[in-house]
Chemist: 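Structure in structure tokens, see below.
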Protein chains: 2
Amino acid sequence: MVENNELRKVGLKVTLPRVKILQMLDTTDQRHMSAEDVYKALMEAGEDVGLATVYRVLTQFESAGLVTRHNFDGGHAVFELSDGEHHDHMVCVETGEVIEFMDHEIEKRQREIVAEHGYELVDHNLVLYVRKKA
Amino acid sequence: MVENNELRKVGLKVTLPRVKILQMLDTTDQRHMSAEDVYKALMEAGEDVGLATVYRVLTQFESAGLVTRHNFDGGHAVFELSDGEHHDHMVCVETGEVIEFMDHEIEKRQREIVAEHGYELVDHNLVLYVRKKA
DNA sequence: ATGAATGCAAAAACTTTGCATGACG
DNA sequence: CGTCATGCAAAGTTTTTGCATTCAT
């Protein structure tokens, strides 16, 4: 089971809830799930995991670098399995669809701008809100 | 009183809470205030405005384009008086300091990327998390 | 066995809403 | 005056926490 190794690798004890949540994130067709989404999906799959545990585990996964948390507009956070490759997001304001993208020019400009101000880039967050062209 | 005209211009009735909140945002030295920040600042200034009203008014101001709401990381929204000029933010992860910037190259690239995917840009959100260079 | 993880329920943090009262035009 | 805005308190959301129990090693 690949999931077990993933967990051991980051120093988390291999427990049923953690494995199930990791599998859920790995096999879902949604790229981004909220804690509630994960919880409901697990319930529907007949897995009995508490919502509090889902929150706790997702937060641990984030600290461990296994998932990325996004605060898109609208109250709740969503999580995405990190694939090591950095990317940014485009969110359609009409359909809610999420498209991932990566642009070297923007990435480079960001580092330049930060350096011009005497800082170094630790992380960044770019979300483009878009609409299908009429 | 400049504030009164601002309010009339966007079709909002000129009421004491609205004027006070607008003045608060205009005169504060913090660049970004949460609803709670505004509320507390008003209380300290001896102005008696309800927290619910602060939330309602800030939301109206946002709809009217008077302020911009940001969902930086960490639960609560912050508001900033809009100066018409668009800009993005750099947040120092150590001091919490917020620096505003604007880069034409990034802005342009964003529009290009979105267009390449068959969309048009409605809005965007870019935050660079930075640290003072060692 | 022993310390960590879980589940539940309670609480915390943030924001919205219902309704009676009061203020703006 | 009629209507819209306000204040309060209550309810909604999302997320966190305390604590007894269960599980992993």
Side-chain angles (χ1 to χ4, degrees), chain A residues 1 3-24 32-43 45-64 66-80, chain B residues 1 3-24 32-43 45-64 66-80:
Chain A
M1 215 159 285
E3 281 79 13
N4 297 15
N5 290 325
E6 293 291 321
L7 290 173
R8 288 214 182 78
K9 211 182 304 175
V10 299
L12 287 174
K13 204 181 276 189
V14 178
T15 67
L16 209 70
R18 299 218 256 240
V19 172
K20 290 299 173 194
I21 292 171
L22 195 48
Q23 283 179 347
M24 187 83 267
H32 303 82
M33 300 183 87
S34 66
E36 191 83 32
D37 288 341
V38 172
Y39 174 69
K40 279 195 250 174
L42 289 173
M43 293 302 264
E47 303 295 342
D48 210 344
V49 176
L51 179 56
T53 300
V54 173
Y55 273 103
R56 271 185 297 231
V57 169
L58 286 173
T59 302
Q60 293 159 350
F61 283 4
E62 188 195 10
S63 305
L66 255 43
V67 308
T68 306
R69 180 196 301 253
H70 296 287
N71 293 298
F72 293 160
D73 286 1
H76 62 294
V78 294
F79 299 81
E80 154 187 44
Chain B
M1 215 160 284
E3 281 78 12
N4 296 16
N5 290 326
E6 293 291 321
L7 290 173
R8 290 213 182 79
K9 212 182 303 176
V10 299
L12 287 173
K13 203 182 278 190
V14 178
T15 66
L16 209 70
R18 298 218 258 239
V19 172
K20 290 299 173 195
I21 292 172
L22 194 48
Q23 283 179 346
M24 187 83 265
H32 303 83
M33 299 184 89
S34 67
E36 191 83 32
D37 288 341
V38 172
Y39 174 69
K40 279 195 246 172
L42 288 173
M43 293 300 265
E47 302 294 342
D48 210 344
V49 177
L51 179 55
T53 300
V54 173
Y55 274 103
R56 270 185 298 232
V57 169
L58 286 173
T59 302
Q60 292 159 351
F61 283 4
E62 188 196 9
S63 305
L66 255 44
V67 308
T68 307
R69 180 196 301 253
H70 296 287
N71 294 299
F72 292 161
D73 287 359
H76 63 294
V78 293
F79 299 82
E80 155 187 45

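Side-chain atoms are counted along with the backbone in the values below, which use heavy atoms only and exclude waters and symmetry mates. A note on names: the letters A, B, ... follow the listed sequences, proteins ahead of strands, and every chain is numbered from 1.
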Chemist: Can you check the Gln60(B) CD to dC4(D) C1' distance for me, whole Å?
Modeler: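 For the pair Gln60(B) CD and dC4(D) C1', the rounded distance is 10 Å.
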Chemist: How long is the line joining CG of Asp48(A) and C1' of dT6(C), in whole Å?
Modeler: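 Those two atoms, CG and C1', are 11 Å apart.
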Chemist: Can you check the Glu36(A) CD to dT15(D) C1' distance for me, whole Å?
Modeler: 11 Å
Chemist: Of all heavy-atom pairs between Arg18(A) and Lys13(A), which one has the smallest distance, and what is that distance?
Modeler: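 Scanning both residues, the minimum pair turns out to be NE-O, 3.0 Å.
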Chemist: Just checking Arg56(A): base, sugar-phosphate only, or nothing, at a heavy-atom cut-off of under 4.0 Å?
Modeler: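 Contact class for Arg56(A): base.
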Chemist: State, with a plain yes or no, whether a side-chain heavy atom of Arg69(A) is found less than 4.5 Å away from one of Val78(A).
Modeler: no
Chemist: Counting C-beta onward and ignoring hydrogens, is there a side-chain heavy-atom pair between Arg8(B) and Asn4(B) closer than 4.5 Å?
Modeler: yes
Chemist: Could you check how far OH of Tyr39(B) sits from P of dC8(D), rounded to whole Å?
Modeler: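 So the OH-P distance, Tyr39(B) to dC8(D), works out to 7 Å.
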Chemist: Categorize Ala35(B) for me: base, sugar-phosphate, or nothing, with a 4.0 angstrom heavy-atom threshold over every strand shown.
Modeler: nothing
Chemist: Ring centroids only, cut at 6.0 angstrom: are Phe79(A) and His70(A) within range, meaning strictly under it?
Modeler: no
Chemist: Please give me every residue in residues 6-14 of chain B whose heavy atoms get under 4.0 Å of an atom in DNA chain C, ordered by residue number.
Modeler: Lys13(B), Val14(B)
Chemist: Does a side-chain N or O from Tyr55(A) land closer than 4.0 Å to OP1 or OP2 of dT16(D), or not?
Modeler: no
Chemist: Rounded to the Å, how far apart are His76(B) NE2 and dT16(C) P?
Modeler: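 Going from His76(B) (NE2) to dT16(C) (P), I get 14 Å.
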Chemist: Check whether any side-chain N or O of Thr59(A) sits under 4.0 Å from OP1 or OP2 of dT15(D), and answer yes or no.
Modeler: no
Chemist: Given atom CG of Leu51(A) and atom P of dG7(C), what is their separation to the nearest angstrom?
Modeler: 11 Å
Chemist: Should Thr15(A) be listed as having a side-chain N or O under 4.0 Å from OP1 or OP2 of dT6(C)?
Modeler: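 So the side chain of Thr15(A) is within the cut-off, an N or O lying under 4.0 Å from OP1 or OP2 of dT6(C).
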Chemist: For residues Ala35(A) and Leu58(A), report the shortest heavy-atom separation together with the two atoms involved.
Modeler: CA-CD1, 3.8 Å
Chemist: Name every donor-acceptor pair, under 3.5 Å, that has one atom in a side chain of residues 48-55 of chain A and the other anywhere in the protein, sequence neighbours excluded.
Modeler:
none

Chemist: To the nearest 0.5 Å, what is the distance between CD (Gln23(B)) and CD (Glu47(B))?
Modeler: 8.0 Å
Chemist: Which whole-number value in Å describes the distance from Leu22(B) CG to dA5(D) P?
Modeler: 16 Å
